[in-house]
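In the text below, chain A, chain B and the rest are named by the order of the sequence lines, each starting its count at 1. Not measured: the values here are computed from a predicted model.
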Amino acid sequence: GAVVSQHPSWVICKSGTSVKIECRSLDFQATTMFWYRQFPKQSLMLMATSNEGSKATYEQGVEKDKFLINHASLTLSTLTVTSAHPEDSSFYICSARTTGGYYNEQFFGPGTRLTVL
Amino acid sequence: LAKTTQPISMDSYEGQEVNITCSHNNIATNDYITWYQQFPSQGPRFIIQGYKTKVTNEVASLFIPADRKSSTLSLPRVSLSDTAVYYCLVGAPGANNLFFGTGTRLTVIP
């Protein structure tokens with residue numbers, strides 16, 4: 001099956017620093033990748049949709065200058081949390097979609113837990 | 001986007017069949033119904049998808065009545081490892097902004 005990896009799986013950083021999270025589709029090409037954020041005991045919230053070679057589309061309320069998304073290739077998308085603050089601490093999950101398979105089927109990565117001190 | 005409503009939580013004993021119902025009153029003609037499973041600290045995993053009537057795969061069945069305003073995920077003979085949150089999503093093919101509602105937290109009791 002389609003596998004999506006994320007790196008790192010967890011990260012702890014100081015307030016004010018930037019953190020980059022990588023999302024890779026390991027055995028398929030993903031024209032579209034998605035970034036979600038999930039707070040404890042809550043549902044996933046879509047942050048942005050990224051298409052290879054073009055700018056990401058951000059959901060309402062998500063600061064594009066704070067959450068920088070780059071989808072430079074068909075197998076890699078990155079999310080950079082700039083000037084992170086404690087309220088950015090969350091579980092960040094990426095997903096990727098292929099052209100085949102079920103409609104709207106997204107393959108999710110294992111997630112990255114970000115803790116900002 | 002059709003919103004969905006699910007029970008917040010359910011408990012079940014091992015070996016029982018579990019049915020989780022999702023309401024989606026505003027489902028559109030070209031919307032499909034998809035269910036995902038999420039374990040703690042992991043990304044969601046696709047379980048099953050359907051458009052109408054009944055769909056069955058190796059892990060679950062999905063029942064969709066004729067009016068498609070609801071759907072029921074059926075998990076046969078659950079085990080402790082089925083303890084997870086189950087999300088019902090509704091969307092048209094190619095939709096980017098899939099809406100994960102509250103989900104249903106299923107706890108399987110020994």
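- There is no path of hydrophobic side-chain contacts, each under 4.5 Å, that joins A:Ile21 to A:Trp10.
- Taking each heavy atom of A:Ser43 and B:Thr102 in turn, the nearest pair found is CB-CA, 4.5 Å.
- The neighbour count for A:Met45 CE, taken as heavy atoms of other residues, nucleotides or ligands under 6.0 Å away, does not exceed 12.
- Remark: A:Ser9 OG to B:Gln42 CD distance equals 12.0 Å, nearest 0.5 Å.
- Of the atoms belonging to B:Phe39, not a single heavy atom falls under 4.5 Å from chain A.
- Taken together through direct or relayed side-chain contacts under 4.5 Å among Ile, Leu, Val, Met, Phe, Trp and Tyr, B:Tyr86 and B:Val59 form part of one hydrophobic cluster.
- Using a 4.5 Å cut-off between heavy atoms, A:Gln6 does not touch chain B at all.
- Linking ILVMFWY side-chain heavy atoms closer than 4.5 Å, directly or via other members, places A:Leu79 and A:Phe91 in two distinct hydrophobic clusters.
- For A:Lys64, the NZ atom counts as loosely surrounded, since its 6.0 Å shell holds 12 or fewer non-hydrogen atoms of other residues, nucleotides or ligands.
- The main-chain N or O of A:Gln106 is found under 3.5 Å from a side-chain atom of B:Tyr36 such that the two form a donor-acceptor pair.
- Under the 4.5 Å side-chain heavy-atom criterion for ILVMFWY residues, a single connected hydrophobic cluster contains both B:Leu62 and B:Val90.
- Side-chain contact between A:Leu46 and B:Phe99 is absent, with no heavy atoms from C-beta onward closer than 4.5 Å.
- Checked against the 6.0 Å centroid criterion, the rings of A:Phe108 and B:Phe46 do not qualify as a close aromatic pair.
- Between A:Leu44 and B:Gln38 the shortest side-chain heavy-atom distance falls below 4.5 Å.
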